[in-house]
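Following: one structure in structure tokens, then a few remarks.
Chain naming here is simple, since letters A, B, ... match the order of the sequence lines and numbering starts at 1 in each.
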Protein chains: 2
Amino acid sequence: MADDDPRPLTLRDVSEASGVSEMTVSRVLRNRGDVSEATRKKVLEAAKELGYVPNKIAGALASQRVNLVAVIIPSMRNMVFPEVMAGISSVLEDTELQPVVGVTDYEPEKEERVLYEMLSWRPSGVIIAGIEHTEASKAMLKASGIPVVEIMDTDGTPIDTAVGISHRRAGREMATAILKAGYQKIGFLGTKMPLDFRARKRFEGFTEALAKGGVEVMAQEFYSGGSALAKGAEMTKEILEREPELDFIYYSNDMIGAGGLLYLHEQGCNIPGDIGLAGFNGIELLQGLPRKLATMDAMRSEIGRKAAEIIWARVENGDAAPEKIIEFSPKISYGDTLRR
Amino acid sequence: MADDDPRPLTLRDVSEASGVSEMTVSRVLRNRGDVSEATRKKVLEAAKELGYVPNKIAGALASQRVNLVAVIIPSMRNMVFPEVMAGISSVLEDTELQPVVGVTDYEPEKEERVLYEMLSWRPSGVIIAGIEHTEASKAMLKASGIPVVEIMDTDGTPIDTAVGISHRRAGREMATAILKAGYQKIGFLGTKMPLDFRARKRFEGFTEALAKGGVEVMAQEFYSGGSALAKGAEMTKEILEREPELDFIYYSNDMIGAGGLLYLHEQGCNIPGDIGLAGFNGIELLQGLPRKLATMDAMRSEIGRKAAEIIWARVENGDAAPEKIIEFSPKISYGDTLRR
DNA sequence: TTGAAAGCGCTAACAC
DNA sequence: GTGTTAGCGCTTTCAA
């Protein structure tokens with residue numbers, strides 16, 4: 001234990017300490033091939049005694065195999081992505097694969113850099129949020145020769161496989177439900193993020209379906225920055241001051257929706273009688289509010305799991321996914337803020 | 001561009017395509033050493049044309065340098081950790097270092113496995129949450145020979161450097177403030193996580209300071225699972241049914257505190273007159289609730305930044321941190337739920 | 001400014 | 001069962 005040599009330990013050290021060849025030590029440490037119980041024990045003891053930690057860099061180079069899966073997401077602060085991660089982890093935990101996360105901050109150029117960085121570690125697969133990428137990113141992914149799963153969005157052409165929901169459809173379905181419930185004067189509150197393609201697609205689908213019903217969005221507003229809950233309250237107040245006629249507000253996510261709900265509840269509004277509300281995501285966190293916001297589950301966990309399963313199947317047996325696009329169908333949850 | 005050879009590209013391919021030696025190609029791609037502008041251009045063009053992505057595995061093995069920093073946290077679903085991550089990233093972004101995250105789910109054995117896994121990639125440093133680890137983990141960290149920063153908690157003996165707050169002190173200070181405000185019948189609601197050492201230390205400090213003031217916790221309850229917001233409401237209801245006398249509830253985190261606050265607010269309680277509330281964390285997310293919960297900022301972002309700075313200084317110039325323990329001093333925020 | 005040779009620490013493939 | 005040999009793709013070092 002008196003160790004002041006900063007040189008990291010190598011297989012050779014374990015080999016010498018145990019009197020077993022490097023090759024056999026390697027076999028023991030990886031549980032590969034037949035090794036007698038006796039030498040096995042000797043090696044394990046020596047390794048533990050020395051505190052040897054294998055060098056995966058050397059191992060990966062020699063074996064040409066890396067057990068990492070690159071997971072590229074826009075942000076960790078939006079609860080949506082940790083939940084997708086949880087789905088991915090839950091599947092990969094039972095395999096030899098390990099997720100490694102990269103964050104893009106919703107910036108395509110950063111996505112490109114992160115992707116380049118991650119690919120340079122030669123991962124066994126890539127799971128990447130969204131279906132829109134720069135040309136350079138797409139080229140890298142195609143050239144990588146590894147399985148690529150684009151997640152969360154199916155409105156587009158996947159590079160390899162896409163797993164997600166159609167946000168356009170989600171927007172349409174919510175609009176349809178709102179119209180069916182008899183609301184007519186509809187407002188929209190969203191985030192000011194030109195690069196949040198999924199939010200935009202929802203909005204597009206939403207207005208499109210309203211149009212089919214002969215209804216136009218009466219007022220809309222986009223925010224950026226700040227606490228979503230606070231912004232939701234504040235913007236709800238503003239939009240209703242401007243358009244007191246509104247009988248429904250569709251929020252681009254549950255967080256600002258919850259802010260609006262709390263505010264209106266506080267004001268003693270009759271929800272969903274005089275005014276209805278709906279968000280998007282199905283954030284579990286919000287269970288426990290005085291009233292339950294209508295929303296649509298983005299199926300984050302399912303998406304994460306499916307994506308991981310596809311990668312694992314490819315790595316394990318080379319099985320490609322049966323289809324290029326795997327689309328989940330989220331259902332509306334009416335909560336207490338949308339009439340049936 | 002007609003590429004159906006799945007073999008990944010190597011330096012040699014770029015070398016051949018550009019007619020420049022591998023060595024010089026390597027120099028260009030790393031911006032090392034003097035290379036004439038002419039060859040430089042040739043190489044860059046060839047690399048881009050081919051879509052070459054360097055192999056960091058080989059690079060790392062040859063150079064014995066890895067630009068990764070292992071960041072080991074208990075969970076990504078607790079907003080606390082993404083915020084620490086953001087602090088870390090903000091600093092590392094301006095360096096050549098890259099964070100790589102591992103999640104332990106608050107399990108010491110999993111921490112051990114994750115640590116082993118990450119160390120086997122020979123990162124340049126480790127940032128790890130908490131100051132309690134298994135003996136094996138501590139041994140690995142010590143033997144690794146790389147800078148190690150334990151974050152979030154300073155109540156203990158660091159392996160190398162610790163950056164955080166004293167949760168014991170945090171609990172004490174909250175207790176003192178509560179007593180000073182004149183509350184006397186105090187309840188506590190927390191999470192049932194024996195391995196959340198920081199929550200436990202806060203509770204210990206809290207009861208200790210109350211005891212000094214001659215006060216004992218009148219009722220306490222621990223929950224596990226479910227939405228924190230919902231649990232906060234539910235448990236608040238229960239504890240008050242059991243002990244209607246309570247004039248203060250201290251929550252082990254802001255999320256269940258917010259649940260309690262929403263519930264009591266709904267009930268029309270006089271807060272902070274008849275009953276006071278306080279949480280812990282300073283979760284930005286909660287700005288925008290009808291009333292602001294008293295809390296104490298855990299200084300997550302500062303801690304993340306400081307930890308990253310320490311690692312970078314060590315990697316860059318070998319500068320060790322000036323002190324082994326760097327303790328931040330969070331201040332109480334009284335909000336609307338704690339009398340002054 | 002450029003190139004050639006010699007590894008980095010490990011594992012695939014093949015002997016024994 | 002165990003050992004030997006020859007790389008994996010890059011960078012270090014030294015020579016030109």
Side-chain angles (χ1 to χ4, degrees), chain A residues 5-44 46-47 50-67 96 117 119-124 144-145, chain B residues 5-44 46-47 50-67 96 117 119-124 144-145:
Chain A
D5 181 358
R7 179 181 62 82
L9 294 162
T10 69
L11 261 192
R12 159 171 248 111
D13 295 306
V14 182
S15 165
E16 282 168 1
S18 61
V20 176
S21 78
E22 283 186 46
M23 194 55 235
T24 300
V25 171
S26 165
R27 282 196 267 256
V28 171
L29 265 23
R30 284 176 299 145
N31 295 312
R32 280 273 149 62
D34 292 324
V35 180
S36 75
E37 199 46 50
T39 45
R40 176 185 190 65
K41 192 170 291 176
K42 261 196 298 190
V43 169
L44 254 21
L50 295 171
Y52 172 69
V53 176
N55 185 331
K56 287 224 177 197
I57 295 173
L61 185 61
S63 67
Q64 305 283 61
R65 279 185 290 97
V66 178
N67 69 338
E96 65 205 16
E117 188 72 20
L119 287 179
S120 72
W121 286 100
R122 300 291 188 264
S124 291
S144 70
Chain B
D5 180 359
R7 179 182 60 81
L9 295 161
T10 68
L11 260 192
R12 162 172 245 110
D13 296 306
V14 182
S15 165
E16 282 169 2
S18 62
V20 176
S21 79
E22 282 188 46
M23 195 52 239
T24 300
V25 171
S26 166
R27 281 196 269 256
V28 171
L29 264 23
R30 284 176 299 143
N31 295 313
R32 280 273 150 63
D34 292 324
V35 179
S36 74
E37 198 45 49
T39 45
R40 176 184 190 66
K41 191 169 294 176
K42 263 197 297 191
V43 169
L44 255 20
L50 295 170
Y52 172 70
V53 177
N55 185 330
K56 287 224 177 195
I57 296 172
L61 183 60
S63 66
Q64 306 283 64
R65 281 185 289 98
V66 178
N67 68 339
E96 65 204 19
E117 187 72 21
L119 287 180
S120 72
W121 286 99
R122 301 290 189 265
S124 292
S144 69

Can you build the contact string for nucleotides 2-8 of chain D? Use B for base contact, S for sugar-phosphate-only contact, and - for no protein heavy atom under 4.0 Å.
BBB--BB
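Listed by chain and number, the residues in a salt bridge (Lys or Arg N to Asp or Glu O under 4.0 Å) with B:R12 are B:E16, B:E22 (sequence neighbours excluded).
Taking atom CZ of residue B:R12 and atom P of nucleotide D:dT11, one finds them 15 Å apart after rounding to whole Å.
At D:dC10, one or more side-chain N or O atoms of B:Y52 fall inside 4.0 Å of OP1 or OP2 (strictly under the cut-off).
When heavy atoms are screened at a 4.0 angstrom cut-off, B:R122 is found touching no nucleic acid atom at all.
For A:N67 against A:K56, the heavy-atom pair with the smallest separation is ND2-NZ, 3.5 Å. Residues A:L9 and B:R122 share a closest heavy-atom pair of O-NH2, 3.7 Å. Between A:L11 and A:V25, the shortest heavy-atom distance links the atoms CD2-CG1, 3.3 Å. The two residues A:S21 and A:S15 have their closest heavy-atom pair at C-OG, 3.7 Å. Of all heavy-atom pairs spanning A:S18 and A:V14, the tightest one is OG-O, 2.7 Å.
The shortest distance between side-chain heavy atoms of B:T39 and B:R27 does not fall below 4.5 Å. A:Y52 has its side chain out of reach of A:V43: every pair of non-hydrogen atoms, C-beta onward, lies at least 4.5 Å apart.
Bracketed by its first and final contacts, the part of DNA chain C lying under 4.0 Å from non-hydrogen atoms of chain B reaches from C:dT1 to C:dG9 in 5' to 3' order.
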